[in-house]
Structures are given as C-alpha cells and as structure tokens.
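Here's the structure, in structure tokens; my notes come after.
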Amino acid sequence: MALNLQSIGQRLGPFERDYEEKDAILYALGVGAGFDELSYVYEDGLKVIPTFGIAAIFGFLGEVLAASKADITGILHGEQELVFFRPIPPQGKLVTTGSITDIYDKGPGKGAVVIARSLTRDAQGRKLFESVFTLFCRRDGGFGGKNVPTESFSLPDRAPNMIERSSPSPEQPLLYRLSGDLFALHVDPEFARSSGFEKPIMHGLCTYGYACRALIKHLAGGDISKLRRFKGRFSRPLYPGEPIETRIWKDGDEAVFQVVHAESGEVLIDRGYASTSEARPDAIRFDGQVAIVTGAGGGLGRVYALELAKRGAKVVINDIGTARDGSGAISAGPAQQVVDEIKALGGEAVADTHSVATPEGGKALIETAMSNFGRVDILINNAGILRDKSFSKMTPEQWRDVMAVHLDGAFYATQPAFEVMKAQGYGRIVMTTSAAGLYGNFGQANYAAAKLGLVGLMNTLKQEGARSGILVNTVAPIARSRMTEDILPPDALEKLDPSHVSPLVLFLVSNRCKCNGHIYNAGMGHYSRAVIATGPGQFMGDTPSPEDIRQQWDKIDTWKDAETYDSALEGIGAFQGHIAGN
Ligand code: NAI
C-alpha cells in the first residue's frame, strides 16, 4: 500500500497516558540505571530520566505509523529529537498531540522518510516536551516526492572530552520492552531470525536512553532539569550484552556525541546532539541588526518589538500614543514604556513619536534609527487606526484618515527605509494587511481598501527590492488588542494572544526567510498562506457578445486549477499562453 500523503498536517491525538513512579523506575532500569544513579530508581526523591518521555508516548508513534500507512515490514526509527521545557514529574498524565509534518522520497528502492512532530503536556496543560520523530520507510520510496533536505553535521577534529562505557546486559531488551515497545524483534528469536538478525536486537531507544544518562552526567552535571535538547540518528543495530561507549565532544553548554560499539567501534547512534542552553542550535537572531516597528507602543507592535529585542535587535519603537480611532494629542508614553520594558530586559531600544501619516514623519522616523543605530535592517509597518462605519454613512474624513495611517503611512515610512536598505544591500519589510482587506468585512470599507492597498504596494516592492536583497512580505494577523476587544466574542479573544502572531513575523524579517511577496494569515497558533490566484478561464475569440459570455460563464467564473503569478508580466504571459493554445 502506498504512503498516505494526505496524512500530512492531520492532527493526531490527543493521546493520553497515565503513569506512576514505578513506570519511570522501570524505564530507568531498562536503560541501565542502577545503584550509582539511585535518584533514577528510588522513589525517595525520584528523578525521571528525560528520555522516558519518548518511551511513555510510544503509542503516539504507533498513531503516526498508522496514519502514514507505511509498510510495517520496512520501517526503522530513523532519528529522534526531544526538546524539554520542564522536568517530567515522577507520576501523572501525559497528553500528546501532533501531526505528520513532512513525507520525503529518497527515490525508487531507496525508501521514504516520514517526519512527525508532537507536543506533550501534563494534565494541567503545561508544556513538558516536544518530539521530532523520523520514521525511515525502506519499502515506500519512489512516489515522486521531494528528497530529504540535507543537514550538515560534523564531529570536531579532536579526541572526545569524555567517554562513558556501559555494558547493557544480555537480557536488557526484556526489561526495556516493558516501557512500551513490545515489538517481537526485541524478544522473539524466531522473529528476529526471519528479519535477518541472528537473535533479538536492542531497542534503538534503549541505547538512546543510555546515551541520555551519559549526557546528563557529563554535560548537565547530573541535573536532569538542565537538559534542554537531545537528538540522535539510529545508524546500526546492537545485540544485547555487547559493550557500548558514548563519546562526547563538549563545547560550552552544547555537546555532539556518538554511541559506538566499544569493541568494533561501529557507530550505533550518530549525529548526536545535546544542549543545556535554552537557545536552539538553529536559533533565529538579530544581533547587530536594527529594526523599526511602527505602532509599537501597544498591541501586536509591542510584542514584535520585545521579541526582536530579546533576540538581539536594536529597536526603534514608533508610536504616537493615539486613541484607537486616531484621535487625541500625541503622547510619548506608550512608546517610552515599551523602550523601558526592553531596557529592563537588557535590550536596546529608542522611542520615536513621529506620525507615519505624513512624509516628514516617515523621514524623521528613519532618521531616528540612523542617528541612534546607524542602519535599518527591518521595517514592520504595523501602525493602524480604525474608523468603522457602514459604507453609506462613511464620511470622506473617515475614509482619508484610515488611508493616511495604514496605506500612506506604509509609503512614507518605507520609502526612506528602502533607500537605506538598498545602500546596505539587505532589508526585510513586513506590511500588515487584514482579513477585512483580503476577504471583506462589513463596516470597514476604508480599512479593507487600505489593507488590500498594502498588498499592492508589496507586490511592486518585491520586484524593486529583490536585486538589493530587500524582501517584502505581508502578514494578516488575528490577535487580541484594543482594536479587536469589542469586535470579537470574549471566548475567541481568550485564544487570541498576540504572541501567536510574532513568531511568523519574526521569521519573515529574519535573514533565514527567503520568501518575497507572500501573504500569511497568523493567529491562535495557526499559520497559512493566502494568495491571489487566477483561474484557467476561457478563450472566446476577438469580440464575443455579452450573451456569449453568459453562455460560457461557468468556465470563466471557475477558479478550479487556478494559478498564481509572480508579476504582472507573468500573468499577462499566461494569458497570452491560453490564447495561443486555442
Ligand atoms: P493597536 O491599536 O493596539 O496598535 C496600533 C498602534 O498604532 C497603536 O499603538 C497606535 O497608537 C499606533 N498608531 C496609530 N496611528 C499612528 C501613527 N499615525 N503613527 C504611529 N503610530 C500610530 O492595534 P493592533 O491590533 O496591535 O494592530 C496592529 C496592526 O495589525 C494594525 O495595522 C491593524 O490594522 C493590524 N491588524 C490587527 C488585527 C488584530 O486582530 N488585532 C487584525 C488584522 C490586522
């Protein structure tokens, strides 16, 4: 049976597992703990080995297997990564949800790779750990999908700092399997022989647990709560009773490691990585960069600014401290308050109270960045006001004021920033649109028009900036703020923390982002791309009559098989292609 590609993105779980101290102790014994690590095996002050987590949610891995429809006779656990948020309590409930995030194709006869991510919380909803589980499906390759992206990894060109030697007993798998992985390969000699092994083999995750104990001892000073990240690739099977070595190369609060057969030197777990640092090895940072966030005195802008500063950016906090409808005198209070918050966290920021709604204000804002920090790498056009009214009652003033802040404001702030970025050869710009602009909203004609206008601005800037390394993208946020507090129902507002929007915006303004001219919805933990697409249409000769149009309406009106275009030229080219094809 073919792999189920439709399983990508489907929510799996919640998968619940109650456990007791006895389960954590059984696991510890299964991965070789004994009298010299009494706190892992004695209920008096019991500490749970962090990798217990993956054994305890083994049933979830079964759900991944079932959803992917991988051929069970060809599967191997490829890699396992765990990220720990807090120590696993000695007893309680684990609640796991996740999904298959990718299915890769290594080619015909070479297998496929299924990747599943999951998050496990305790019964109170606190995050305990995240898992990235890689299933290698030897018999499922060749379906024409993308190959697995390569990840570079190298061991230091020096001897390991530490070597931990262990001797799993010949009966080790019999003990380990009681933690959840009851697969016959690890217990049934006949099954093992029919699978090509001379006898039952160790569980890869059991060897993984041995390695985790070694890393806690040598990297985390014996303190389980310090381990933040633990990862390894299973490269070779091991027979029980054979001695192993965990070889550790330590570098500050990180280490790379291998588990090898102590006698033959064959690598059993490769590409091992462990860290006691909160920071991820692939952390997105903005050290040395300068960011401007307009309207950053509150709401979403404040969260973007704080997160940018936490990751090393120097931030210009622009805000005039106006009321939601743009009324009231300019107040430096909100911008200064965010600057103070950033400084209290040890970051660098400066307040700017120029209105983006005038050309002078936009220019002065960029000058604030240049005179204080000397460059502009990031501009987030976020400032906004609301003047909602049904269209018949909307006054020209209400129309103009909203246009002035959202659309004109983005033009006035972006133009001088664009010049600085062009000279630097690097820049990231984000426009802020809205579901009202993308899809329409009653009573927001002014706002919706301004917000979709920003998409048009992006569409041109993406072309004019690309040669200078300037990328421009657009976010349509949905978040709790004073802008939405009386528009959305209270139960929806509860789920709308602005901190759910900032991860996407931070990615878009990072040097890791290579997208240009894209629109993304973001909020409530969900992120998606929105596009302007064109249907295939119908060629009808030079001068069809309105009646002819009506007759062919279904074909003209459909957006089935719609395409997106990167530029007006590409769109016109496609149009000509349709004509030529007839
Ligand atoms: P907010 O009202 O908390 O933030 C807007 C900020 O812009 C305010 O602090 C305000 O003082 C400032 N501002 C207004 N006029 C300004 C000007 N001329 N110059 C400088 N600053 C000015 O609202 P929120 O929700 O944080 O909105 C941020 C952006 O996200 C806005 O562009 C909004 O249209 C957009 N948005 C928000 C959504 C949401 O669900 N909160 C939904 C869709 C879009």
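We count ligands from 1, going down the list as the structure has it; atoms in each ligand are counted the same way. The first residue in the sequence is number 1, and the count goes up from there.
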Which atoms of ligand 1 are found less than 4.0 Å from any heavy atom of [X]?
X: S434; value: 43 (C), 44 (C)
X: N318; value: 20 (C), 21 (N)
X: A479; value: 39 (C), 40 (O), 41 (N)

Residue-level breakdown please: for [X] versus ligand 1, do any non-hydrogen atoms fall below 4.0 Å on the side chain, on the backbone, on both, or on neither?
X: T322; result: both
X: T433; result: backbone
X: I385; result: side chain
X: H406; result: side chain

Could you tabulate the donor-acceptor pairs under 3.5 Å formed by side-chain atoms of residues 358-368, not counting sequence neighbours?
residue, atom, partner, partner atom, Å
T358, OG1, G361, N, 2.9
T368, OG1, D352, OD2, 2.5
T368, OG1, A364, O, 3.0

Which donor-acceptor pairs under 3.5 Å do the side chains of residues 93-100 make with protein atoms, sequence neighbours left out?
residue, atom, partner, partner atom, Å
K93, NZ, E16, OE1, 3.1
T96, OG1, T120, OG1, 2.8

Have a look at N381, N382, V475 and point out the one with the heavy atom closest to atom 32 (O) of ligand 1.
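Result: the heavy atom closest to atom 32 (O) of ligand 1 is in N382.
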Nearest to atom 10 (C) of ligand 1 by heavy atom, R482, R324, R302, M483: which?
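Answer by nearest heavy atom: R482.
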Contact check, T294 vs ligand 1, heavy-atom distance below 4.0 Å:
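T294 does not count as a contact of ligand 1 under the 4.0 Å cut-off.
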Lys/Arg N to Asp/Glu carboxylate O, R302 vs E341, below 4.0 Å:
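A salt bridge is present here (some side-chain N lies under 4.0 Å from a carboxylate O).
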